[in-house]
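All figures in this text were calculated on a predicted structure; none of them were measured in a lab. Just so it is clear, the values below take in all heavy atoms, side chains as well, and ignore hydrogens, waters and symmetry mates. In this chain, residues are counted from 1 in sequence order. As the structure lists them, so they are numbered: ligands from 1, and atoms in each ligand from 1.
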Amino acid sequence: TIPTTKMTLPQVNSVPVNGTTKMETIDDMAGKWNDFKFAPIRESQVSRAMTRRYYADLDKYAESDIVIVGAGSCGLSTAYVLAKARPDLKIAIIEAGVAPGGGAWLGGQLFSAMIMRKPADAFLREIGVPYEEDGSDSNYVVVKHAALFTSTILSKVLQFPNVKLFNATTVEDLITRPDGNGGIRIAGVVTNWTLVSMHHDDQSCMDPNTINAPVIISTTGHDGPFGAFSAKRLLSMGALASLGGMRGLDMNLAEDAIVKGTREIVPGLITGGMELSEVDGANRMGPTFGAMALSGVKAAEEALRIWED
Ligand code: AHZ
């Protein structure tokens with residue numbers, strides 16, 4: 001049997017190994033580098049430690065309760081709210097990139113600061129990210145580096161025992177079921193290693209894998225090489241009649257529209273974040289991230305409503 005993965009707090013190796021000096025803290029190491037030695041290991045132990053956990057996770061999350069597609073600022077905010085509210089639900093996050101975080105490692109262009117318009121400061125307080133008040137009438141707050149927001153929310157999300165992030169993995173199709181009224185409902189996602197998804201033209205025999213889930217939340221960003229994935233797929237399968245197409249930049253209109261519009265667009269599939277601009281024809285907001293966090297809060301609320309129905 002495959003051992004189940006269980007989150008544990010970091011363990012202190014207080015046992016001396018092979019005659020090495022007992023070292024419980026990094027302070028114990030000071031000045032003792034000549035005698036320094038790691039605990040011995042066989043390479044296969046490393047392989048097994050990694051792969052058995054990954055395969056146990058693949059097994060466990062093949063039937064998930066909620067799948068979040070895309071680990072940008074909206075997807076991560078959604079995951080945080082859901083995992084905190086419902087520790088009993090299995091939440092899988094599928095991220096095409098090796099590095100989760102999407103566009104939230106910088107503010108705008110190459111500038112570090114991340115701006116959030118109020119009332120999204122409430123989300124920063126929720127996850128414990130420090131910020132400065134700014135603006136003549138204190139209408140927005142500033143996180144000194146976008147990476148502080150992204151690394152904090154990532155570390156919180158990844159510490160929830162009921163969340164598994166599958167990164168370097170692409171959702172390349174949706175699982176559908178007849179809804180009984182002539183339409184469809186979304187019942188899961190079709191996945192593949194991102195490198196395989198990028199090479200279907202020359203590696204045609206590499207079929208995908210699947211995850212079943214009654215609720216999918218798609219937050220794949222606006223159109224681009226990978227973006228707006230579910231919106232475009234729903235259009236090509238006829239589940240959406242048309243896409244509005246993201247409009248030009250208007251911060252005031254865009255942020256309200258994205259948060260308010262976050263919803264189940266096809267039975268079983270909720271769209272949030274900038275992917276929604278492609279569905280609804282909403283404006284883009286450029287480098288203000290409050291709507292991504294609060295769209296995540298609303299997506300989580302919608303998901304729990306569907307789940308509880
Ligand atoms: O890699 C993508 C990114 O991390 C991932 N993704 C896209 N397609 C995928 C697929 N399978 C798995 N088929 C996929 N993962 O989705 C993530 C989207 O993150 P993002 O930061 O692009 O989107 P967001 O909606 O969370 O945040 C948008 C941030 C923007 S864009 C913008 C503007 O252009 O004006 N303004 C803001 C604040």
Is any side-chain N of the basic residue among Asp57 and Arg53 closer than 4.0 Å to the acidic one's carboxylate O?
no
Using side chain to side chain donor-acceptor pair (under 3.5 Å), reason through Ser230 and Arg233 one step at a time and then give a plain yes or no.
CA-CA 5 Å; Ser230 304; Arg233 185 66 183 106; over 6 Å; no
From CA spacing to verdict: side chain to side chain donor-acceptor pair (under 3.5 Å), Thr169, Thr191
CA-CA 7 Å; Thr169 304; Thr191 62; over 6 Å; no
Check ligand 1 for close polar pairs with the protein: N or O on both sides, less than 3.5 Å.
residue: ligand 1; atom: 1 (O); partner: Glu95; partner atom: OE2; Å: 2.7
residue: ligand 1; atom: 4 (O); partner: Glu95; partner atom: OE1; Å: 2.7
residue: ligand 1; atom: 4 (O); partner: Glu95; partner atom: OE2; Å: 3.0
residue: ligand 1; atom: 8 (N); partner: Phe226; partner atom: O; Å: 3.0
residue: ligand 1; atom: 11 (N); partner: Val171; partner atom: N; Å: 2.9
residue: ligand 1; atom: 13 (N); partner: Val171; partner atom: O; Å: 2.9
residue: ligand 1; atom: 15 (N); partner: Ala96; partner atom: N; Å: 3.0
residue: ligand 1; atom: 21 (O); partner: Gly103; partner atom: N; Å: 2.8
residue: ligand 1; atom: 25 (O); partner: Met274; partner atom: N; Å: 2.9
residue: ligand 1; atom: 26 (O); partner: Ser73; partner atom: N; Å: 3.3
residue: ligand 1; atom: 26 (O); partner: Cys74; partner atom: N; Å: 3.0
residue: ligand 1; atom: 34 (O); partner: His222; partner atom: NE2; Å: 3.0
residue: ligand 1; atom: 34 (O); partner: Arg284; partner atom: NE; Å: 3.1
residue: ligand 1; atom: 34 (O); partner: Arg284; partner atom: NH2; Å: 2.6
residue: ligand 1; atom: 35 (O); partner: Arg284; partner atom: NE; Å: 3.0
residue: ligand 1; atom: 35 (O); partner: Gly286; partner atom: N; Å: 2.8
residue: ligand 1; atom: 36 (N); partner: Gly286; partner atom: O; Å: 2.8

Picking from Val215, Ile91, Val157, what satisfies side chain to side chain contact (heavy atoms under 4.5 Å, CB included) with Ile68?
Ile91
Above 12 or not: heavy atoms from other molecules or residues under 6.0 Å from CD1 of Ile41?
yes
Could you list who else is in Val98's hydrophobic cluster, with ILVMFWY side chains joined at under 4.5 Å, directly or through other members?
none
